[in-house]
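Atoms considered below: every heavy atom in the structure, side chains included; atoms not considered: hydrogens, waters and symmetry mates.
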Amino acid sequence: MKPPALNALADWPSVFRIGKRSLDILSALLGLFLAAIAAVFLLILNPFFNPGPLLFKQQRMGMWGRPFTMWKFRSMAAAADGAERDPTSPLETDRITPLGHFIRRSRIDELPNFWSVLSGEMALVGPRPDVWEHAQWFTDNIPYYKYRVRVRPGITGLAQIRGGYADQVITINRKARYDYYYIRHGSAMMEVYIILRTVSVMLFGTGAK
């Protein structure tokens with residue numbers, strides 16, 4: 001079924017937009033402070049349990065379909081042949097390092113994302129940005145997906161707390177529908193709900209992968 005059309009921007013009240021961006025800036029300052037603390041510990045532990053660089057960077061699709069560089073604390077070993085994963089291939093869990101499992105479950109790997117939040121390329125809450133090449137394929141093949149670029153991508157979002165990790169066509173389709181619903185019905189109450197559920201995921205590891 002073809003999704004209803006959206007305006008060029010999400011139809012959000014100005015007060016909500018201003019409040020959302022203000023929260024982004026405050027959370028980014030706190031997040032970067034926590035990222036600096038985490039970096040110190042990871043620099044000590046990485047040589048033993050997660051050999052390799054501290055950070056991992058990847059080109060993702062942002063607002064209006066523009067590419068941007070997203071940074072994360074690295075949790076996986078590099079692919080042996082340097083090949084990139086196909087858009088619908090499952091996550092290569094065998095590449096996750098011993099320390100990487102903890103980093104991913106606790107969502108510590110996402111802390112450097114707050115640099116992109118501070119710069120305005122991301123938001124605290126919004127559709128999770130996908131790898132640039134994957135997002136291009138999803139846009140052409142997944143209904144609803146193209147509407148995700150109408151707002152800033154987020155560190156967390158409705159699709160993440162409701163649908164979990166998405167790596168197959170059926171789960172990506174579900175993710176796109178959740179993101180579409182968020183864009184159409186975004187509100188302060190929904191932001192609070194998503195943030196509280198995200199905190200639960202960080203504390204108890206539910207939905208992480």
Side-chain angles (χ1 to χ4, degrees), residues 6-43 54-75 102-130 147-165 175 178-208:
L6 282 175
N7 296 327
L9 282 168
D11 189 18
W12 291 342
S14 298
V15 173
F16 174 56
R17 290 178 181 277
I18 294 171
K20 181 175 171 63
R21 183 57 188 157
S22 299
L23 179 61
D24 286 346
I25 294 172
L26 291 174
S27 65
L29 295 175
L30 174 60
L32 290 173
F33 172 72
L34 296 176
I37 296 174
V40 173
F41 287 97
L42 292 177
L43 283 171
L54 174 67
L55 295 170
F56 167 77
K57 68 176 182 178
Q58 197 171 52
Q59 193 175 63
R60 302 284 180 110
M61 182 176 286
M63 192 173 181
W64 306 126
R66 296 171 182 149
F68 74 99
T69 300
M70 192 174 81
W71 295 85
K72 301 177 72 173
F73 285 128
R74 185 186 52 81
S75 61
F102 170 76
I103 292 174
R104 294 174 74 90
R105 281 197 305 270
S106 62
R107 304 302 171 112
I108 291 173
D109 60 328
E110 307 290 355
L111 287 174
N113 288 179
F114 281 106
W115 176 254
S116 297
V117 174
L118 188 63
S119 69
E121 293 174 311
M122 291 182 67
L124 176 61
V125 178
R128 184 68 180 164
D130 287 313
Y147 296 104
R148 302 170 84 248
V149 300
R150 301 295 173 87
V151 297
R152 288 187 181 95
I155 293 179
T156 186
L158 185 63
Q160 280 64 51
I161 63 170
R162 287 287 188 88
Y165 190 86
K175 175 178 76 171
Y178 276 126
D179 289 330
Y180 180 83
Y181 181 89
Y182 167 76
I183 294 169
R184 282 187 66 92
H185 303 285
S187 66
M189 288 187 65
M190 187 179 294
E191 297 283 306
V192 172
Y193 167 73
I194 293 170
I195 291 170
L196 292 177
R197 281 293 304 275
T198 301
V199 172
S200 175
V201 168
M202 294 175 64
L203 293 176
F204 303 108
T206 54

Step-by-step side chain to side chain contact (heavy atoms under 4.5 Å, CB included) determination, Lys175 to Arg148: CA-CA 10 Å; Lys175 175 178 76 171; Arg148 302 170 84 248; 4.0 Å; yes
Assess the residue pair Glu121 and Arg152 against the criterion (salt bridge (Lys or Arg N to Asp or Glu O under 4.0 Å)); give the C-alpha distance rounded to whole Å, side-chain angles, the decisive distance to 0.1 Å, and a yes or no. CA-CA 7 Å; Glu121 293 174 311; Arg152 288 187 181 95; over 6 Å; no
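Interatomic distance, Glu110 CD to Thr198 OG1, rounded to the nearest 0.5 Å: 10.5 Å. Taking CG of Leu43 as the reference point, atom CZ of Phe73 lies at 8.0 Å (rounded to 0.5 Å). How far CH2 of Trp64 is from CZ of Arg150: 6.5 Å, rounded to the nearest 0.5 Å.
Side-chain contact between Pro129 and Met61 is absent, with no heavy-atom pair separated by less than 4.5 Å. Contact check for Phe68 versus Ser119: no side-chain heavy atoms found under the 4.5 Å cut-off. Two residues are said to be in side-chain contact when any heavy atoms from C-beta on lie closer than 4.5 Å; Phe16 and Glu191 meet this criterion. In this structure, the side chains of Val117 and Phe114 come closer than 4.5 Å at one or more pairs of heavy atoms. Side-chain contact between Thr156 and Arg197 is absent, with no heavy-atom pair separated by less than 4.5 Å.
The minimum heavy-atom distance between Arg104 and Ser75, with the atom names listed, is NH1-OG, 3.2 Å. In this structure, Asn113 and Lys72 approach most closely via the heavy-atom pair ND2-CG, 3.7 Å.
Taking the six-membered ring where the residue is Trp, His185 and Tyr181 present tilted rings, their angle falling between 30° and 60°.
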